[in-house]
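Following: one structure in structure tokens, then a few remarks.
Letters go in sequence order (proteins before strands), and every chain restarts at 1. Scope of the values below: all heavy atoms of this structure, side chains included, with no hydrogens, waters or symmetry mates.
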Amino acid sequence: MKKKDDVIISISTYKHENLHFAVGYSNNRKIVRIALPQKSLEEAVYEISKYHPKYHLSNENNNIAQKISSMYFGENLDFDLNLLELDLGESFPERSTLKTSFERKVILEVAKIPYGCVLTYKEIAKSINSHAYRSVGTAIGKNPFPIVIPCHRVIRSDGKVGGFGGGTPMKVEMLENEGIKINKSLKISDSK
DNA sequence: GATTGACGCCGAG
DNA sequence: CTCGGCGTCAATC
């Protein structure tokens, strides 16, 4: 009997401006994880393979990886969320980082934030009827689909950009690529 | 239970 | 403005 966790995923990559993007797919063609851009191909692939050790590299679907890189660099593109395997808890019980309903609620709420806009961790918590601001941050930190699920658009209530898995500088860069102004003390400068 | 957070709020310097 | 300190609650051990 085949364990679900043994599925072999395929990883496709795309390079732009010396940054390597990687996307992992399950055998049903859904995206199981997106890697933030890395300086080398090996690092980009590792960001996927550390959650899904059984994989092969593929050149199929790297148009998607290319699209994701365009979004990273600030293009305002629509992305079909149906391409994402949001049900990771079921499909990949061991590797999942979206196990609980709380985490899924948070991620789905973040998915609604439009291009060029930001919300605070507190606002996300409020919209899912919770006061667990810190837990919202922790859940967003596990986002398997960065860039597409715009976790970089969630900031602190004091106006600072806050933490980010790929480092605060990357978060700043992504926000600036969307036209959001950020001053030297890492605060969003009001764009009115 | 105890510890740990990509947080929030307030008060003291 | 920076820093503690405490509040808060989901996840993890």
Self-check item: Counterpart residues, salt bridge (Lys or Arg N to Asp or Glu O under 4.0 Å), relative to A:E60 (two or more places apart)
Solution: A:R29
Quiz item: Could you state the CD1-C1' distance from A:I113 to B:dA6, rounded to the nearest angstrom?
Solution: 13 Å
Give every pair of a protein N or O atom and an N or O atom of nucleotides 10-13 of chain C that lie under 3.5 Å apart, one pair per line with the distance.
unit_1: C:dA10; atom_1: O4'; unit_2: A:S135; atom_2: OG; d: 3.0
unit_1: C:dA11; atom_1: OP1; unit_2: A:T100; atom_2: OG1; d: 2.3
unit_1: C:dA11; atom_1: O3'; unit_2: A:K142; atom_2: NZ; d: 3.1
unit_1: C:dT12; atom_1: OP1; unit_2: A:K142; atom_2: NZ; d: 3.1

Quiz prompt | Per-nucleotide protein contact string for nucleotides 8-13 of chain B, where B marks a base within reach and S marks sugar-phosphate only (heavy atoms under 4.0 Å, - for neither) | solution = SS----
Quiz item: If you count the non-hydrogen atoms of other residues, nucleotides and ligands that lie under 6.0 Å from CG in A:N63, is the total more than 12?
Solution: yes
Quiz item: Residues in side chain to side chain contact (heavy atoms under 4.5 Å, CB included) with A:N59, at least two apart?
Solution: A:N62
Self-check item: pair A:V136-A:F102: side-chain heavy atoms closer than 4.5 Å
Solution: yes
Quiz prompt | Hydrophobic cluster membership, A:I68 vs A:Y46, 4.5 Å side-chain cutoff | solution = no
Self-check item: Polar side-chain atom of A:S189 near backbone of A:K181 as donor-acceptor pair, under 3.5 Å
Solution: yes
Quiz item: Is the CG atom of A:D78 crowded by more than 12 outside heavy atoms at less than 6.0 Å?
Solution: no
Quiz prompt | Base-paired stems in DNA chain C, each at least three Watson-Crick or G-U pairs under 3.5 Å | solution = B:1-5 with C:9-13, B:7-13 with C:1-7
Quiz item: Do A:R153 and A:V110 touch side chain to side chain, with heavy atoms closer than 4.5 Å?
Solution: no
Quiz item: Quick one: ring-ring contact (aromatic ring centres under 6.0 Å, His included) pairs with a partner in residues 10-40 of chain A, sequence neighbours left out?
Solution: A:H16-A:F73, A:F21-A:Y72
Self-check item: Expected output: side-chain A:K30 to main-chain A:L86 donor-acceptor under 3.5 Å
Solution: no
Practice problem: Quickly work out the A:I124 CD1 to B:dA6 P distance and round it to whole Å. | Solution: 16 Å
